[in-house]
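What follows is a single structure, written as structure tokens, with notes after it.
Lettering follows sequence order; numbering is per chain, from 1.
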Amino acid sequence: MKTAIIIFLSTIMLSTILLADEYAVIANHKMKDLSTTQIKAIFLKKITVIENINAVPVNLGARDPIREKFENKIIEMNFERLKSYWTKEHYLGKRPPVGMQSEESVKAFVKNVEGAIGYINANNLDSGVKVLYRWSE
Amino acid sequence: MRYIALVFIFLLSLHADEEYQLGKGVQAGSLPLYIGGYFSLDYKHTDDIDRYRVDDVAVMGYGNYEKFSYLAEFEFKEMYVETHENGVKDSTNNDKLYTERLYLDYNFNENYMLRAGKYNSQIGFWNLLPVNVLRETTSNPMSTSILFPKFTTGLGSSYISYGEGELKVDVMLQHNNDISYEYNNYKIDEHYGFGVSYERDDYTLKLNGGYFHNLDSYAVQDNLYYLLLSAKYESHKYQILSEIGSQKSKNDYTTDYALYVQGLYRFNEQHIGVIRVESYDDKVNETDDDILIFGYTYRPLYPIAIKSEYQFHSRSSQNQFLFSFSVLF
């Protein structure tokens, strides 16, 4: 009986892991390796220059589910808190990252623009971009 | 000159490329120039006085190009004030346009930034976002007005390091007269200050210290030193903010202490409750007080704030009710 329970629970855990979606923070190949704290600082516009290149963070659309996961995981702020953050930053002379409507647009932008950094589903990765960080949920 | 700049900014904003959003400003055509501003109206009631005020009306422009960024802000302060005291009405107008902030930044890399111009002194938390619409009460804590110069005109520099958390070091240097010195809580010609802050997860701790030379002719002490310790905890629902500091001259303490602790609770996105406790002992003005403040803020949209608060003072004649309406655009 005990063995059956262990096998049953292990099966559930394994299927959860296998079914979890994986996401990636991507950048142009010229971008150096970055910690999650630095990635967060780039998307909050605290870092604007990386090794002589202007950092260009790119968001997905305002209510995109991948953006929501990215903001909860990396930025550690929900949508409402970020709205108030960017209102305050307007007073300090800073703009939120530009938004793009699709993961393909983000990937194309990141491939072509030095200093660009974005995030997509890991299923859509290809060799044209550099992966800075991966997470799954 | 400043009026011409305002007209120029207004005309440019008419040619904006992108759709306007309240609280985000608007881009002037395709130029590296964003235009915005804010205003606030407030009302104060004490046992003796009712005061109505158009307090701040400000326009600002900012942008960035390559490693440079800039910000300019011009403001009418206390544009219209009407008081009713013991049945007597009095009103004043002020149409002087002050330069509130005017600076240029150069970002060397992800760690170092250099600033030149007039800017909010990088001291504590409150002084970084001092405008009505962005703070959570109509009033400002006394500790943010009496300990240090709110503005610095000169050079500023910051160093940021990212490890497990964020370590930031600020340096402020002024060795010249202020731009628009009337628009500062101290008239100064020297300010040398530092700040060290560490932020990790939801917590931030900050220490500031410095020296400034006070030019006010009535000032008893002109060489003043300050020290301020600030702490902040912020989550989705709560914020706890506290600052405690002291000011001294070469001989004696000019402000023994000034402190506040403020708790904020977000009932939801629009409704926010605030409680603040303040205490200070200012020897220069020979005033001291303990204050308990209950506040409530309604934000139909984040850039619009409708705020009310009631202050209980240790001297009950100073108890007061404040109400304000402010917008960031």
(message) Only pairs of heavy atoms separated by less than 4.5 Å count here; which of A:Lys40, A:Lys88, A:Glu89, A:Gln38 has the most with chain B?
(response) A:Lys88
(request) Compute the centroid of each ring, for B:Tyr106 and then for B:Phe108, and state whether the two points are separated by less than 6.0 Å. (result) yes
(message) Would you say the rings of B:Tyr183 and B:Phe151 are close, in the sense that their centroids are separated by under 6.0 Å?
(response) yes
Please look at [X] and chain B and tell me whether the side chain, the backbone, both or neither of the residue comes under 4.5 angstrom of a heavy atom of that chain.
{"X": "A:Ile53", "value": "neither"}
{"X": "A:Lys46", "value": "both"}
{"X": "A:Asn54", "value": "side chain"}
{"X": "A:Ser84", "value": "both"}

For chain A, the option from [options] that forms the most heavy-atom pairs under 4.5 Å:
{"options": "B:Lys168, B:Glu234, B:Arg266", "result": "B:Glu234"}
{"options": "B:Arg101, B:Glu166, B:Gln21", "result": "B:Arg101"}
{"options": "B:Asn64, B:Ile160, B:Leu22, B:Val131", "result": "B:Val131"}

(request) Would you kindly say whether B:Glu75 and B:Tyr38 are connected by a side-chain donor-acceptor distance under 3.5 Å? (result) yes
Is the shortest distance from a Lys or Arg side-chain nitrogen in [X] or [Y] to a carboxylate oxygen in the other one below 4.0 Å?
{"X": "A:Asp33", "Y": "A:Lys130", "answer": "yes"}
{"X": "A:Glu71", "Y": "A:Arg67", "answer": "yes"}
{"X": "B:Glu136", "Y": "B:Arg299", "answer": "yes"}

(request) Run the numbers on B:Lys77 and B:Asp55 for side chain to side chain contact (heavy atoms under 4.5 Å, CB included), then give the verdict. (result) CA-CA 6 Å; B:Lys77 184 74 181 166; B:Asp55 187 20; 3.3 Å; yes
Using non-hydrogen atoms only, which part of [X] is less than 4.5 Å away from chain A: side chain, backbone, both, or neither?
{"X": "B:Asn111", "value": "neither"}
{"X": "B:Tyr103", "value": "side chain"}
{"X": "B:Leu129", "value": "both"}
{"X": "B:Leu328", "value": "side chain"}

(message) Is the positively charged end of A:Lys83 above the ring of B:Tyr302, judged by distance under 6.0 angstrom from the centroid and angle within 45° of the axis?
(response) no
